[in-house]
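The structure appears right after this line, and notes come after that.
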Amino acid sequence: DDFVPRRGNAVTWYMCGPTVYDASHVGHARTYLTFDIVRRILEDYFNYKVFLVMNITDVDDKIIQRTVETLQEAGKPLDDIDTTPLTREMEALFWRDMRALNIRSPNVITRVTEYMPEIIAFVEKIIANGYAYESQGSVYFDTAAFQAKPDNTYGKLCPQMVGNVELLKEGEGSLTDFSSEKKSNKDFALWKAVKENEPSWESPWGPGRPGWHIECSAMAGDILGDNMDIHSGGIDLRFPHHENEIAQSEACFECGQWVNYFLHAGHLHIEGLKMSKSLKNFITIESALQTYSADGFRMFYLMHQYDRPLDWAEETLNVAMDEVKRFETFFQNVKTRSRDLETALKSPQNWGSLEKDLHTTYQETCGTVHAALCNNFDTRKVITALKELIGDVNKYLQLREGDSEDPSVRLPLVLDVAQYISGILKMFGLGAPSKLGLAQEESGDFEERVTPILDEVLQFRNAIRTQARADKAIPYLQECDKLRDVGFPNVGVQLQDTRDGSTFKLRDRDELLKEMEEVRMAAEEKRALKQKRKEELERQKAAA
């Protein structure tokens, strides 16, 4: 279906946020990084003005259980349960992880504990409309009464799951068992009467706390009203959470349709298994970022369809890291060729068949990318198209520079293509802070300033090396090598010596040093293996 917002290019969006009782894990990254990519496509490619609201669930069965466990371990009394220390700490860690992944902040953050008056008023409206009932201090949504009205439908999202007892129980929370208080097993709690060792708030039905589903409806309704363009969350929230949100919101507003488009991120499994601490495959975002870069994370999700299941596997993540490296190398090569653009433009600029073919491929790629983004945000196809375009540029450079009669690269064309690729990657949120792409803004100013300085240093070093080789002055050659292998890498400069002179690339310092260490270790292992084989041959000869 075509995406048609309610009001021109303004898009209203509510996203289910985290329940803050533990550290954020890669499953959270699957959801929030995925929808950050979708948001960026809407805002930066299609030029929509997105207004995003996201909640923080800071009162919930899991939060209460974790708080009780912490108090018991510390030997403290349970007479006054305060979940705030836990939730504020975990929420702060969540936002830290989101920043580390370069995820844009929502326009509005809604915490459940800050919306109690609105939640209570929302429940009262549902009761007044005849779709909920009070029972022993709790309030339940009456699914039968809702279904009895011809304009209402319970089960819009997942009709096949309506009546799934296990999922309904899971939606009510592990601390609650209200089966005896309900008219029907399909009914769900809007307000839960207080129990021992639980935080509570005063309400017309007595002290208690909100049900899980009502939180999002009340907070989204308070900010966005009786209808929104997009609602998103993980696929596991479709039923009962989103299903119940729809029913209670349409019961409150009597609006017929509360959400126009639902987006659900696909399941994330760890090596084919569900992630859990009991299986010892629980991976926090913080720990994953110690192995994989934020760009590697994002590329991993870009290479897969956002609403399909995805397997977190070392092999696949390494492929994503390699793809990031492929783009980085491409841009470094383009930067190297374009540093002296003034001189390059003095060479012939007329287009031959090589340039015309590359330009045609470039235009076709633009069309492919646009069609893919229009087709349910098919980022996988976009990344594939950009990789192929890079291959075409590299082929062009090889053929043009290998032409003995006309070896001059038409840099304006190459820069045009590179700027386009850089723009798409930046739109996806890759390259923070602007290292994956062509230099822009502050980083571009830095590269402009440092290039003439490095050029002078390299000319001086090349002169020293040339004279040292002629004089067989080994110490001077060693100092030149030390600058290349130690000095420059420590400030993020990769130097390459060739027969024609030296070239440099500006790199991320830590990544460059890590890469050099890996090369050194591989060479060391190779030398050790060679020595071992040599010793083995010598033993065999001695034995013979």
Side-chain angles (χ1 to χ4, degrees), residues 322-369 382-426 430-431 434-441 443-459 461-462 484 488 493-507 512:
D322 289 342
E323 296 301 351
V324 171
K325 177 69 69 175
R326 182 204 299 262
F327 283 108
E328 287 180 345
T329 300
F330 169 72
F331 290 119
Q332 289 160 4
N333 289 337
V334 172
K335 289 174 185 177
T336 300
R337 285 177 169 84
S338 61
R339 283 197 181 108
D340 192 0
L341 184 59
E342 185 176 347
T343 300
L345 291 178
K346 292 177 181 178
S347 62
Q349 294 297 309
N350 59 305
W351 279 18
S353 60
L354 292 176
E355 286 73 29
K356 292 175 183 177
D357 288 345
L358 177 59
H359 184 257
T360 298
T361 301
Y362 166 40
Q363 294 298 314
E364 290 172 350
T365 301
C366 292
T368 299
V369 167
V382 172
I383 294 299
T384 299
L386 294 183
K387 284 161 48 182
E388 291 175 353
L389 183 56
I390 282 177
D392 290 323
V393 174
N394 290 337
K395 182 179 178 181
Y396 163 75
L397 292 172
Q398 182 180 11
L399 292 174
R400 176 51 74 199
E401 291 173 342
D403 187 337
S404 58
E405 295 183 1
D406 184 5
S408 301
V409 170
R410 276 50 169 180
L411 269 178
L413 172 60
V414 173
L415 287 172
D416 191 19
V417 177
Q419 288 284 10
Y420 170 75
I421 297 172
S422 177
I424 295 295
L425 296 181
K426 181 183 177 184
L430 284 162
S434 300
K435 67 176 182 179
L436 187 67
L438 296 184
Q440 298 176 13
E441 300 163 357
S443 62
D445 295 338
F446 170 76
E447 189 162 340
E448 271 187 38
R449 292 195 303 271
V450 79
T451 293
I453 299 171
L454 288 172
D455 284 339
E456 289 295 327
V457 172
L458 292 191
Q459 286 183 27
R461 178 177 174 272
N462 287 338
R484 178 194 64 204
F488 274 173
V493 178
Q494 182 180 19
L495 192 60
Q496 294 176 317
D497 290 326
T498 66
R499 286 184 299 178
D500 301 323
S502 302
T503 60
F504 71 88
K505 297 176 182 177
L506 297 182
R507 298 280 306 277
L512 176 57

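Just so we're clear, the structure is a prediction, and the values are computed from it rather than from any experiment. One is the number of the first residue; the rest follow in order along the sequence.
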For Leu386 and Leu425, run side chain to side chain contact (heavy atoms under 4.5 Å, CB included): C-alpha distance rounded to whole Å, both residues' side-chain angles, the deciding distance at 0.1 Å, then the answer. CA-CA 9 Å; Leu386 294 183; Leu425 296 181; 4.0 Å; yes
What do you reckon, is CD of Gln398 surrounded by more than 12 foreign heavy atoms closer than 6.0 Å?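 No - once you tally the heavy atoms of other residues, nucleotides and ligands closer than 6.0 Å, there are 12 at most.
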Is there a donor-acceptor pair under 3.5 Å between the side chain of Ser422 and the backbone N or O of Ala418?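 Not a single qualifying donor-acceptor pair exists.
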Can you list the residues that meet the salt bridge (charged side-chain N to carboxylate O under 4.0 Å, His left out) rule with Arg400, with sequence neighbours excluded?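 With sequence neighbours excluded, Arg400 shows a salt bridge (charged side-chain N to carboxylate O under 4.0 Å, His left out) to Glu355, Asp403, Asp406, given in chain and number order.
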Residues Asp392, Val417; criterion side chain to side chain contact (heavy atoms under 4.5 Å, CB included); working and verdict: CA-CA 10 Å; Asp392 290 323; Val417 177; over 6 Å; no
Can you list everything that forms a side chain to side chain contact (heavy atoms under 4.5 Å, CB included) with [X]? Sequence neighbours excluded, please.
| X | result |
| --- | --- |
| Thr384 | Glu388 |
| Lys387 | Glu323, Arg326, Phe327, Ile383 |
| Asp322 | none |
| Thr360 | Glu364 |

Taking all non-hydrogen atoms of both residues, which atom of Gly501 and which atom of Asn462 are closest, and how far apart?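 Looks like CA-ND2, 4.2 Å.
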Can you give me the closest heavy-atom contact between Gln349 and Pro412, atom names plus distance?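 Closest heavy-atom pair between Gln349 and Pro412: OE1-CD, 3.4 Å.
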Say you draw a straight line from [atom1] of [X] to [atom2] of [Y]; how long is it, rounded to the nearest 0.5 Å?
| X | Y | atom1 | atom2 | value |
| --- | --- | --- | --- | --- |
| Asp416 | Leu411 | CG | CG | 12.0 Å |
| Leu458 | Arg484 | CG | CZ | 12.0 Å |
| Arg337 | Thr503 | CZ | OG1 | 10.0 Å |
| Leu397 | Asn333 | CG | CG | 8.0 Å |
| Ile421 | Thr365 | CD1 | OG1 | 8.0 Å |
| Thr361 | His359 | OG1 | NE2 | 10.5 Å |

Minimum side-chain heavy-atom gap Asp455-Asp340 below 4.5 Å: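 The answer is no, as the side chains (C-beta and beyond) never meet within the 4.5 Å cut-off.
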Report yes if some heavy atom in the side chain of Pro348 is under 4.5 Å from a heavy atom in the side chain of Arg410; otherwise report no.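 Yes. Closest side-chain heavy atoms under 4.5 Å.
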Working for side chain to side chain contact (heavy atoms under 4.5 Å, CB included), residues Tyr396 and Asp357: CA-CA 9 Å; Tyr396 163 75; Asp357 288 345; over 6 Å; no
Would Arg339 count as a cation-pi partner of Phe504, with NZ or CZ less than 6.0 Å from the six-membered ring centre and within 45° of the ring normal?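 Checked: cation-pi criterion met.
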For Arg461, is there an ion pair with Asp497 - N to carboxylate O distance below 4.0 angstrom?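 A salt bridge links Asp497 with Arg461.
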Could you work out, with ring-ring contact (aromatic ring centres under 6.0 Å, His included) as the rule, every residue matching Phe330, not counting sequence neighbours?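 Counting only residues at least two positions away or on another chain, Phe330 forms no ring-ring contact (aromatic ring centres under 6.0 Å, His included).
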